[in-house]
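Position 1 is the first residue of the sequence, and the numbers go up from there.
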Amino acid sequence: MNKLSFIKPFIDTNVFDGCVISSITDDSRDVQENSLFVARQGVGSHGKEYIKDAIQKGASCIFTDKELEEELDIPTYYLHDLEDKILGILFRFHGLSEDDFIFHGVTGTNGKTTTAFMAHNFIRGLKRSSVYIGTIGAIINDDFVETKGNTTPGIFEIFQILRSCNFHQKTYIFIEISSHALVQNRLGNLPFWQTILLNIQSDHLDYHKTEADYINAKLSIIDLKNKNPSIIFIDQIQDLIKNFSDDQKEQLSKAQFLSSQNSSAALKYSLEYNPDGNSKINLNFPNLFLDIQASLFLKFNIENYIAAISLISDHISIDELKNVSKNTITLPQGRSEILRLKEGNILIDFAHDHQSIRNILSELVNHHDEIIVVFGCGGDRDKSKRPMMMKAVQDFASKVFFTSDNNRYESFSSIALDAMEGNDHNCAEIIEDRQEAIRSGLQLLNKENILVILGKGHETDMEILGKKIPFNDKDCVLKIVGNEIN
């Protein structure tokens with residue numbers, strides 16, 4: 001189908017007359033025969049540098065916001081306000097309307113995946129159309145769709161996903177929003193019903209350079225195109241606020257708070273945590289006032305559960321919440337995932353920074369006499385957090401197996417050297433082969449202790465020297481023990 005007529009309203013010339021346009025993209029790698037290539041600013045370069053590649057792959061015409069130095073063999077149209085028009089172009093090109101969707105965004109150093117996933121599951125429990133987009137890919141209703149791999153896809157990839165949502169009813173969208181995506185304005189003017197900030201802990205300083213810049217990135221979710229004020233889980237950032245600048249405090253004043261401690265918060269709750277059974281939760285939200293119970297092993301996952309409810313509280317009634325809550329309390333694969341083996345229990349989690357590691361182990365130490373940990377640090381990423389990760393593990397674990405975790409183009413020995421700097425060498429054994437490290441951990445497993453495997457969670461490959469080698473922690477465990485789960 002030729003979609004030339006779909007983009008005609010955005011141009012005031014006949015330059016594209018005669019063109020056949022079947023697809024639209026801003027990534028030259030995705031150009032197909034008769035694509036409209038949108039040459040716009042990227043992270044490190046502008047799309048005009050890839051126009052020749054796009055033409056070679058079959059692009060039929062070009063949109064750009066940069067004047068080009070040379071004439072091209074295909075029609076080109078200059079839009080000085082291209083960024084302002086992209087959202088309208090994409091909605092029209094894909095035959096969609098803003099009114100078809102209810103967008104929600106979730107950011108935070110930790111908990112984005114779990115919170116967005118739970119919110120999606122709540123809506124699915126009500127038999128409504130819903131889409132999750134984030135670290136583990138995309139889930140359109142109940143069907144998994146693989147994405148390019150970014151926590152937050154670019155706006156063009158998001159619309160490729162939305163195009164599949166032909167459900168003939170309003171569709172809820174839950175998007176994980178990374179700090180990178182916020183800084184890069186990756187979502188443009190996407191109209192959000194509401195967004196939520198879960199927490200702010202030090203991370204990604206290889207990209208953001210300073211903690212102040214990282215905090216600013218996270219707080220900028222408040223400034224997205226939100227129909228309702230962003231929700232801030234204020235208890236989780238309380239220690240940071242005393243050092244906030246006047247501008248940062250001004251940003252906070254535009255939001256509404258979720259809290260178990262602040263009596264003036266718009267969204268209040270109380271929690272009686274029970275790690276061995278049902279935890280009791282009282283919600284005192286503007287549209288929800290009730291008592292519910294949740295059975296989740298770790299406290300911060302119950303807090304993520306509460307955050308998910310707060311995000312959808314405008315769309316769900318008390319009776320609906322009561323009806324769906326017991327059936328939808330599930331965690332994504334690789335997030336605090338418990339494997340109960342005849343040898344003992346294993347916890348697998350995606351935690352890959354010192355604070356998220358500390359969050360998990362500080363709870364487990366209350367219930368286990370001994371903790372064994374298998375983990376690594378990613379290569380070609382923030383080196384400063386490596387020794388802090390090892391310190392966090394050693395503060396709680398009696399035995400540590402340090403191993404590979406996406407070494408990328410960096411040598412494992414260099415990564416291990418960084419991790420061990422200033423830390424105890426006696427309780428840490430360095431085993432480069434991740435399967436062998438997991439096997440060593442399993443040999444120490446018994447009914448009294450717990451084996452914790454951190455860093456990769458749901459991931460299904462290891463990235464080493466530009467190659468992706470199939471590997472999944474859970475599959476590795478089951479292969480070693482013979483697929484026996486109690």
Side-chain angles (χ1 to χ4, degrees), residues 41-44 83 105-113 115-116 134-135 150-152 154 175-190 192 194-226 229-259 261-262 265 300 303-304 307 350-359 377-392 418-419 421-422:
Q41 184 62 48
V43 177
E83 291 303 316
V106 181
T107 198
T109 308
N110 298 302
K112 293 187 295 296
T113 301
T115 301
T135 307
N150 288 328
T151 294
T152 312
I175 304 175
E176 290 184 53
I177 308 180
S178 67
S179 56
H180 295 71
L182 287 165
V183 168
Q184 295 163 11
N185 193 29
R186 203 178 291 171
L187 299 176
N189 293 318
L190 201 65
F192 286 94
Q194 198 159 43
T195 56
I196 186 168
L197 168 60
L198 302 172
N199 48 64
I200 305 175
Q201 293 148 356
S202 179
D203 200 12
H204 299 303
L205 296 188
D206 54 324
Y207 178 81
H208 297 285
K209 305 307 179 187
T210 69
E211 288 195 17
D213 286 343
Y214 180 65
I215 291 170
N216 284 333
K218 287 300 188 185
L219 290 177
S220 69
I221 196 169
I222 298 170
D223 300 323
L224 294 182
K225 188 179 177 183
N226 294 308
S230 291
I231 299 169
I232 309 292
F233 205 152
I234 198 68
D235 299 353
Q236 306 296 333
I237 66 168
Q238 201 62 54
D239 292 342
L240 294 175
I241 293 176
K242 60 180 179 293
N243 295 319
F244 274 11
S245 67
D246 290 341
D247 287 343
Q248 290 169 332
K249 290 175 181 176
E250 175 65 23
Q251 274 184 300
L252 280 185
S253 70
K254 302 174 188 175
Q256 57 180 315
F257 297 158
L258 169 65
S259 177
Q261 303 166 15
N262 187 334
F300 61 79
E303 291 170 339
N304 292 333
F350 189 57
H352 55 280
D353 65 79
H354 66 283
Q355 189 58 57
S356 57
I357 290 172
R358 195 171 290 278
N359 290 345
C377 300
D380 299 326
R381 294 295 185 269
D382 185 359
K383 295 185 177 185
S384 67
K385 72 179 186 180
R386 293 172 183 171
M388 293 189 288
M389 290 169 67
M390 178 61 78
K391 176 67 165 60
D418 286 341
E421 184 178 354

With rounding to the nearest 0.5 Å, note down the distance linking [atom1] in [X] to [atom2] in [Y].
X      : Y      : atom1 : atom2 : result
Ile237 : Ile200 : CD1   : CD1   : 5.0 Å
Arg386 : Arg381 : CZ    : CZ    : 10.0 Å
Cys377 : His354 : SG    : NE2   : 12.0 Å
Ile221 : Leu197 : CD1   : CG    : 6.5 Å
Thr195 : Ile175 : OG1   : CD1   : 11.0 Å
Ser245 : Asn216 : OG    : CG    : 6.5 Å

With the side chain counted from C-beta on, respond yes when [X] and [Y] share a heavy-atom pair under 4.5 Å apart, and no when they do not.
X      : Y      : answer
Phe233 : Ile196 : no
Ile222 : Ile232 : yes
Tyr214 : Thr109 : yes
Leu190 : Lys225 : no
Leu219 : Leu252 : yes
Arg186 : Ser178 : yes
Ile241 : Ile234 : yes
Ile177 : Phe192 : yes

Check your understanding: side chain to side chain contact (heavy atoms under 4.5 Å, CB included) with Gln41: which residues, sequence neighbours excluded?
Key ->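 Scan of Gln41 (side chain to side chain contact (heavy atoms under 4.5 Å, CB included), adjacent residues dropped) gives His46.
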**Study point:** Listed partners of Gln256 passing side chain to side chain contact (heavy atoms under 4.5 Å, CB included), at least two apart
**Key:**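 Gln194, Pro229, Ile231, Ala266, Leu267.
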Check your understanding: Out of Gln236, Gln355, Gln201, which one pairs with Asn110 under the side-chain hydrogen bond (donor to acceptor under 3.5 Å, both in side chains) rule?
Key ->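 Exactly one pass, corresponding to Gln201.
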Side chains of [X] and [Y] only: does a donor on one sit below 3.5 Å from an acceptor on the other?
X      : Y      : answer
Thr152 : Asn150 : no
Asp213 : Thr210 : yes
Thr151 : Glu176 : no

For the residue pair [X] and [Y], what are the closest heavy atoms and their distance?
X      : Y      : answer
Pro387 : Ser384 : CD-O, 3.6 Å
Ser230 : Ala255 : O-CB, 3.2 Å
Ser220 : Leu182 : OG-CB, 3.5 Å
Asn243 : Gln248 : O-OE1, 4.4 Å
Leu198 : Ala307 : CD2-CB, 3.6 Å

Review point. Given the rule in the side chain to side chain donor-acceptor pair (under 3.5 Å) test, do Asp353 and Ser356 qualify, once you have shown the distances and angles that lead to the verdict?
Key: CA-CA 6 Å; Asp353 65 79; Ser356 57; 3.1 Å; yes
Check your understanding: Any chance CD of Glu421 has more than 12 other-residue heavy atoms, nucleotides or ligands included, within less than 6.0 Å?
Key ->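 Open: at most 12 neighbouring heavy atoms sit under 6.0 Å from CD of Glu421.
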